[in-house]
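Below is a structure I'd like to ask you about.
Within every chain, numbering begins at 1; the chains are lettered A, B, ... in the order of the sequence lines, protein sequences first and strands thereafter.
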There are 2 protein chains.
Amino acid sequence: MKPTDSELEILHVLWTNGPSTVRQVYDTLSQSRDIGYTTALKLMQIMYEKGLLSREEDSRSHIYTAAVSEEDTQRNLVDRFVETAFRGSASKLVMQILGQHKASREELDEIKNLLSDLNRDAGRQDLSD
Amino acid sequence: MKPTDSELEILHVLWTNGPSTVRQVYDTLSQSRDIGYTTALKLMQIMYEKGLLSREEDSRSHIYTAAVSEEDTQRNLVDRFVETAFRGSASKLVMQILGQHKASREELDEIKNLLSDLNRDAGRQDLSD
DNA sequence: TGTTTACTACGAAATTATTCGTAGATCAAT
DNA sequence: ATTGATCTACGAATAATTTCGTAGTAAACA
């Protein structure tokens with residue numbers, strides 16, 4: 001299931017704020033962009049049908065929850081993105097980002113540490129390109 | 001302007017093979033997926049109108065060339081992707097990829113070297129999150 | 001109780017992307 | 001010169017996404 005851009009926006013609100021009504025999602029969303037209430041509602045209904053959201057129908061205003069985790073979703077999106085934009089070469093993507101200085105020093109250090117760990121048992125490393 | 005997935009496929013063919021006719025692009029493309037000749041033609045015509053491709057109309061079969069570089073395009077796509085999928089945190093994206101072991105040992109080493117260079121003059125580093 | 005307010009459901013318009021068929025022109029080879 | 005292959009241009013069907021209006025219902029409250 002690939003969420004569309006609009007769907008991702010809604011997922012982000014739910015991941016950040018936790019289970020919410022359409023009204024709450026709408027309030028958050030409308031701060032950052034122009035959107036009607038029924039548009040948000042419709043989107044969330046569609047996402048519910050797709051299985052991206054679950055909902056409690058107890059009260060009159062339903063309470064929606066993200067039915068997919070942020071981690072799983074991001075992993076899927078990254079896989080797809082690497083495939084379409086970088087022809088499967090994940091390392092080219094990483095190089096591209098790092099070359100752009102799009103990380104703070106602390107983050108670079110953190111990444112470096114992760115790399116050391118990975119290098120330590122590189123015997124079973126995937127060979128993606 | 002953001003190329004669609006289909007447009008990216010065509011750009012990749014042109015980046016890889018250099019200036020080509022519709023027929024040549026079609027031959028390459030049809031090896032990996034089901035597509036009609038006039039579909040490829042139409043796509044390339046649209047991309048020409050959008051400015052994604054340029055073309056030589058000298059001969060009867062026009063010769064198309066990518067009008068945008070692979071690097072620029074990838075940079076744009078990455079920026080957009082980081083924004084929509086990772087809420088602007090490029091480092092989270094990198095961590096996500098590295099955590100997935102989506103790079104060979106050689107590539108990891110290469111990345112490590114790049115990181116060392118970056119760390120060396122980290123004083124002027126961007127702080128993206 | 002009657003009116004306003006807030007909610008869901010649903011249909012459908014508007015937009016964008018993808019697909020292909022057909023028409024007409026050009027070229028190559030008989 | 002006629003035929004057949006190949007090319008472009010173009011219109012239009014299809015599909016996916018995003019948008020919002022309207023109708024109906026339930027709740028709140030004056």
### Query
Between dC10(D), dT17(D), dT8(C), which nucleotide has the shortest distance from any of its atoms to the side chain of Gln45(B)?
dC10(D)
### Query
What is the distance, rounded to the nearest whole Å, between atom CD1 of Ile35(B) and atom C1' of dC20(C)?
11 Å
### Task
Would you mind reading off the distance between Ile10(A) atom CD1 and dT19(D) atom C1', rounded to a whole angstrom?
12 Å
### Query
Over how many whole Å does the gap from Met44(A) atom CE to dC20(D) atom P extend?
16 Å
### Task
Figure out the NE2/P separation between His62(A) and dA27(D), and round it to whole Å.
11 Å
### Query
Hey, is the side chain of Ser6(A) poking within less than 4.0 Å of OP1 or OP2 on dT18(D), counting only N and O atoms?
yes
#### Entry: Separation of Thr28(A) OG1 from His12(A) NE2 (nearest 0.5 Å)
13.5 Å
### Task
Mind calculating the distance between CG (Asp27(A)) and C1' (dA6(C)) to the nearest angstrom?
12 Å
### Heavy atoms from other residues, nucleotides or ligands near CG of Asp72(A) exceed 12 (cutoff 6.0 Å)
yes
### Task
Measure from the side-chain heavy atoms of Thr4(A) and tell me the nearest of dT19(C), dG11(C), dT18(D).
dT18(D)
### Query
If you measure from CE on Met95(B) to CD1 on Ile97(B), what distance do you get to the nearest 0.5 Å?
11.5 Å
### Task
Indicate, with a heavy-atom threshold strictly under 4.0 Å, whether Thr39(A) touches base, sugar-phosphate, or nothing.
base
### Task
Return yes if some donor-acceptor pair links the side-chain N/O of Thr4(A) with the main-chain N/O of Lys2(A) below 3.5 Å, else return no.
no
### Query
Has the side chain of Arg60(A) got a donor or acceptor atom sitting under 3.5 Å from an opposite partner on the base of dA6(C)?
yes
### Message
Within the 4.0 Å heavy-atom criterion, would you say Glu7(B) contacts the bases, only the backbone, or no part of the nucleic acid?
### Response
nothing
### Message
Nearest to the Lys42(A) side chain among dA12(C), dC10(D), dT8(C), which nucleotide is it?
### Response
dA12(C)
### Message
Regarding Thr38(A), tell me which of base, sugar-phosphate or nothing describes its non-hydrogen contacts under 4.0 Å with the strands shown.
### Response
base
## Note on the structure
Rounded to whole Å, OH of Tyr37(B) lies from P of dA5(D) at a distance of 16 Å
### Query
Of Ser61(A) and Glu49(A), whose nearest nucleotide on DNA chain C comes first from the 5' end?
Ser61(A)
### Message
Please tell me if Arg55(A) has a side-chain N or O lying less than 4.0 Å from either OP1 or OP2 of dC7(C).
### Response
no
#### Entry: Whole-Å distance separating the CD1 atom of Ile46(A) from the C1' atom of dT8(C)
14 Å
### Query
What is the distance, rounded to the nearest whole Å, between atom OH of Tyr48(A) and atom P of dC10(C)?
12 Å
### Euclidean distance, Thr21(B) OG1 relative to Met44(B) CE, rounded to 0.5 Å
7.5 Å
